[in-house]
J.: 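If you scroll down you'll find the structure; I have some questions about it.
Ligands are counted one by one from 1 in listed order, and the atoms in each one are counted from 1 as well. Hydrogens, waters and symmetry mates are skipped; everything else that's a heavy atom, side chains included, is used.
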Amino acid sequence: MPDFRIPPIAPFAITFDAEALTFDPPGPTLTRRMSDLDGLFADRAAWENAVADDDPVVYTVVSTPVPEIERELPQSITTIHPGRTGGECWMTKGHQHPDHQGEIYLGLAGTGGLLMFDGERVEWVDMRPGTIGYIPPGWAHRSVNTGDEPYSFLAVYPGGAGHDYSWVLAHGMGRRVYRKADGSIELRDFSVAR
Ligand code: S6P
Ligand code: ZN
């Protein structure tokens, strides 16, 4: 075996339950409520009302036990609940990987989108079960539920790349994602409030 600064973990199998969308053995679970998404929705009053109402869970992330350390490839399943705040579709916080490395997403259930922003260019990938969305190095990424059912996807990402959430707060994501009354999806320029 080659020398590593941090030795890799031992090979092992993970059972993926495609119905329950769980891993066995399980790793850490993260729950993000509306109050965790401060400063992200354009309509701040609508966001404050949602927090005051019942502060709903917007998304959860379940992981395998593969650690977030250099050279390892952790996996997680994110489930974003359906909903809109001020017309803006429920979404993840979004982040940039400070050590610029690529990442892949695989759509598992529901419908959503993968919004990517490199500070200048914006890309949108429609996601549904079976879609692989590729995030190249240096592109901040956010996931959005555009449907009426929970939207779930598998992420496989470089464990040592880190997660920078302040980059998105400072730079935005280039577009905001709204669902119109007729059900169609509209990507609006980030600087334009609704
Ligand atoms: C990790 C990967 C996903 C997200 C998850 C939640 O690199 O991109 O597992 O962490 O979808 O999104 P966020 O923006 O709150 O981390
Ligand atoms: Zn990521």
J.: Is there a side-chain contact between Q75 and L154, using heavy atoms and a 4.5 Å cut-off?
T.: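 Counting from C-beta outward, Q75 and L154 do come under 4.5 Å.
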J.: Does a side chain donor of either T79 or S152 reach within less than 3.5 Å of an acceptor in the other side chain?
T.: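 A donor-acceptor contact under 3.5 Å links the two side chains.
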J.: Listing by chain and number, what protein N/O/S atoms are under 2.8 Å from the Zn ion (ligand 2)?
T.: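 The answer is H95 NE2, H97 NE2, E103 OE1, H141 NE2.
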J.: Tell me, please, which residues at least two apart from F153 pass ring-ring contact (aromatic ring centres under 6.0 Å, His included).
T.: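 Partners of F153 under the ring-ring contact (aromatic ring centres under 6.0 Å, His included) test: Y105, Y151.
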J.: May I ask you to check whether N49 and W47 show a side-chain donor-acceptor distance below 3.5 Å?
T.: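 No, W47 and N49 have no side-chain donor paired with an acceptor closer than 3.5 Å.
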J.: Go through the structure and list residues passing ring-ring contact (aromatic ring centres under 6.0 Å, His included) with H163, not counting sequence neighbours.
T.: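 By the ring-ring contact (aromatic ring centres under 6.0 Å, His included) rule, H163 matches H95, H97, Y157.
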J.: Run through ligand 1 for me and note each protein residue having a heavy atom under 4.0 Å from it, chain first, then residue number.
T.: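 Those residues closer than 4.0 Å to ligand 1 by some heavy atom are Y59, V61, S76, T78, T92, K93, G94, H95, H97, E103, Y105, H141, F153, A155, Y157, H163, Y165.
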J.: State whether D118 and R121 are salt-bridged, where the test is any N-O pair (Lys NZ or Arg NE/NH1/NH2 against Asp/Glu carboxylate O) under 4.0 Å.
T.: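 R121 and D118: salt-bridged.
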J.: Taking NZ, NE, NH1 and NH2 as the nitrogens, is one of them in D189 or R175 under 4.0 Å from a carboxylate oxygen of the other?
T.: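 Salt bridge present between D189 and R175.
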J.: Nearest heavy-atom pair of R179 and G183: which atoms, and what distance?
T.: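 Taking every non-hydrogen atom into account, CG-O, 3.5 Å.
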J.: Starting at CG of N145, measure out to OG1 of T111 and round the result to the nearest 0.5 Å.
T.: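 Answer for the CG-OG1 pair, N145 versus T111, is 6.0 Å.
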